[in-house]
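Take this structure, written in structure tokens, and hold onto it; I'll ask about it next.
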Amino acid sequence: MADHYDVLGVARDASPDEIKKAYRRLARELHPDVNPGEDASERFKLVTHAYDVLSDPEQRRRYDSGGDAFGGAGAGFGGFSDIFETFFGGGGGGSRAARPRSRRERGQDALVRVNLDLRDVVFGTHRDLEVDTAVLCDTCQGSCCQPGTQPVTCDICRGAGHIQRQVRSLLGNVVTNVPCPTCQGYGTTIPYPCSSCQGQGRVRSRRTVSIDIPAGVETGLRLQLPGSGEVGPAGGPNGDLYIEVSVAADDVFSRDGDDLLATLEVSMPDAILGTETTIESLDGPVDLEIRPGVQSGDILTIKGRGITPLRGSQRGDLRVGVQVVTPSRLDAKERALVEELRKRTKAPAPALSHFHQGVFAKLRDRFRNH
């Protein structure tokens with residue numbers, strides 16, 4: 001059996017006032033209505049028993065002289081009365097749980113998934129979404145009652161929302177509160193429930209929610225719309241609505257942070273001599289100059305044609321990787337021209353070098369996830 005003075009955290013010569021103050025402090029911390037943990041419940045019992053012994057002069061005298069270690073605990077577990085009376089405004093089991101429950105509760109959050117394409121990500125978009133959630137009942141406006149009627153006080157608990165039960169334990173008789181089975185703890189009953197919502201104060205309905213989706217979002221991102229979820233029971237406050245984004249893959253462009261990536265196929269003559277061309281970006285046509293001697297894997301950057309970041313205004317770039325296309329079929333005249341070119345340029349013989357996968361050799365690490 002733990003030492004009662006150690007349990008309360010006081011010295012053996014502590015005054016009755018010091019013992020009472022220590023007991024009050026611990027009771028506030030460990031009472032089951034405040035701290036529902038199992039360890040707290042066991043400590044609460046020890047604290048209460050220790051206070052019962054040390055607050056009674058006769059029991060404390062016997063305890064200090066090495067008498068009954070339990071201090072007469074078998075006579076009953078009277079500490080509950082003191083706790084309820086001192087801290088929760090009433091004896092015999094009055095507590096925070098004794099207050100009637102409110103029918104009004106916060107509604108649950110709702111989740112809607114929206115599919116976007118890459119253009120939506122670049123520029124942002126507006127969507128009108130159909131959401132199937134609980135909404136306020138038009139008939140009763142959340143009162144749960146048929147129009148013209150109202151809740152009545154429960155005649156079993158008389159509006160308290162709970163009833164008291166006496167439970168016998170090893171420490172004596174303990175009075176506890178349990179929800180009233182007639183009113184389920186609300187303190188009132190509804191004799192005439194609303195016929196439209198069956199007394200719930202809300203009904204299921206489909207409604208339209210408008211949302212501006214900013215540029216820069218990505219797959220898996222959730223946008224929160226506070227108060228746009230479903231209404232709570234009995235017209236309680238709305239939960240939140242979450243919009244989860246899913247971005248479809250594009251046939252031409254891929255994303256690397258705030259930049260867009262694409263591949264441009266260039267014929268061998270254009271790669272050798274250089275040329276000017278027009279490509280279609282997500283903003284529209286863009287003129288692009290290809291310098292003479294461009295190589296496969298070279299990157300051409302077009303500033304400001306990428307994605308607007310989610311938290312910022314400076315758009316990323318459009319980066320175009322060059323892939324020089326080697327002709328696979330040549331007629332006799334073309335072949336002769338190429339052989340003549342090889343003789344004049346004195347190209348080195350093919351040689352092994354470090355292996356790089358794909359035309360974006362310079363950016364292979366960054367492109368690995370794309």
Side-chain angles (χ1 to χ4, degrees), residues 1-103 105 153-188:
M1 183 68 180
D3 181 83
H4 294 333
Y5 293 98
D6 290 342
V7 169
L8 292 178
V10 296
R12 301 192 72 85
D13 60 350
S15 67
D17 285 342
E18 291 175 334
I19 291 173
K20 190 171 186 179
K21 287 180 181 179
Y23 160 67
R24 287 182 175 180
R25 176 178 55 80
L26 291 171
R28 286 183 185 275
E29 176 186 345
L30 301 172
H31 188 270
D33 288 337
V34 178
N35 191 338
E38 185 175 343
D39 291 340
S41 177
E42 292 300 319
R43 286 189 59 200
F44 175 68
K45 293 177 183 178
L46 290 175
V47 166
T48 305
H49 176 52
Y51 175 72
D52 285 344
V53 175
L54 299 183
S55 63
D56 186 292
E58 180 59 25
Q59 291 191 49
R60 182 179 182 182
R61 184 190 62 77
R62 292 208 317 263
Y63 180 79
D64 290 342
S65 63
D68 182 7
F70 290 89
F77 190 55
F80 275 98
S81 264
D82 293 334
I83 292 172
F84 292 131
E85 225 171 281
T86 305
F87 303 121
F88 303 105
S95 69
R96 294 180 184 179
R99 299 174 183 174
R101 293 172 53 195
S102 173
R103 295 184 188 274
E105 297 179 8
T153 302
C154 176
D155 57 1
I156 300 300
C157 65
R158 291 182 171 81
H162 69 278
I163 58 175
Q164 294 183 349
R165 286 182 178 170
Q166 192 175 64
V167 179
R168 187 170 182 81
S169 70
L170 294 175
L171 299 175
N173 293 330
V174 179
V175 177
T176 62
N177 291 315
V178 296
C180 174
T182 301
C183 65
Q184 283 76 52
Y186 295 117
T188 60

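Side chains are part of it too, since the values below use all heavy atoms of this structure and drop only hydrogens, waters and symmetry mates. Note that this is a predicted model, so its numbers are computed, not measured.
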Side chains of residues 5-13: which donor-acceptor partners sit under 3.5 Å, not counting sequence neighbours?
from: Y5; atom 1: OH; to: R60; atom 2: NE; distance (Å): 3.0
from: Y5; atom 1: OH; to: D64; atom 2: OD1; distance (Å): 2.7
from: Y5; atom 1: OH; to: D64; atom 2: OD2; distance (Å): 3.1
from: R12; atom 1: NH1; to: D3; atom 2: OD1; distance (Å): 3.0

Is any side-chain heavy atom of C154 less than 4.5 Å from a side-chain heavy atom of T188?
->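 Result no, sub-4.5 Å side-chain heavy-atom pair not found.
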Compare every heavy atom of G159 with every heavy atom of P100, then report the nearest pair and how far apart it is.
->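 Heavy atoms only, the tightest pair is CG-O, 3.1 Å.
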Is it true that E58 and R61 have a side-chain N and a carboxylate O under 4.0 angstrom from each other?
->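 Answer for the salt bridge query: yes.
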How far does CD1 of I19 sit from OG of S55, to the nearest 0.5 angstrom?
->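 Those atoms lie 8.0 Å apart.
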Is there a side-chain contact between I163 and P181 (heavy atoms, below 4.5 Å)?
->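 The answer is yes; the side chains approach within 4.5 Å.
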With sequence neighbours left out, write down each residue that passes side chain to side chain contact (heavy atoms under 4.5 Å, CB included) with R158, or none if nothing qualifies.
->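 By the side chain to side chain contact (heavy atoms under 4.5 Å, CB included) rule, R158 matches no residue at all.
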Point-to-point distance, once rounded to the nearest 0.5 Å, from NE2 of H4 to OH of Y51 |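 Nearest 0.5 Å value for the NE2-OH distance: 14.0 Å.
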Exercise: identify the closest heavy-atom pair between R101 and Q184 |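 Closest heavy-atom pair between R101 and Q184: NH1-O, 2.9 Å.
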Would you give the length of the straight line joining atom SG of C180 to atom OH of Y186, rounded to the nearest 0.5 angstrom?
->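 Nearest 0.5 Å value for the SG-OH distance: 12.5 Å.
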Roughly how far, to the nearest 0.5 Å, is CZ of R43 from CG of L46?
->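 Nearest 0.5 Å value for the CG-CZ distance: 9.0 Å.
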Taking atom OH of Y23 and atom CG of L54, what is their separation to the nearest 0.5 Å?
->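 Here the rounded value is 12.0 Å.
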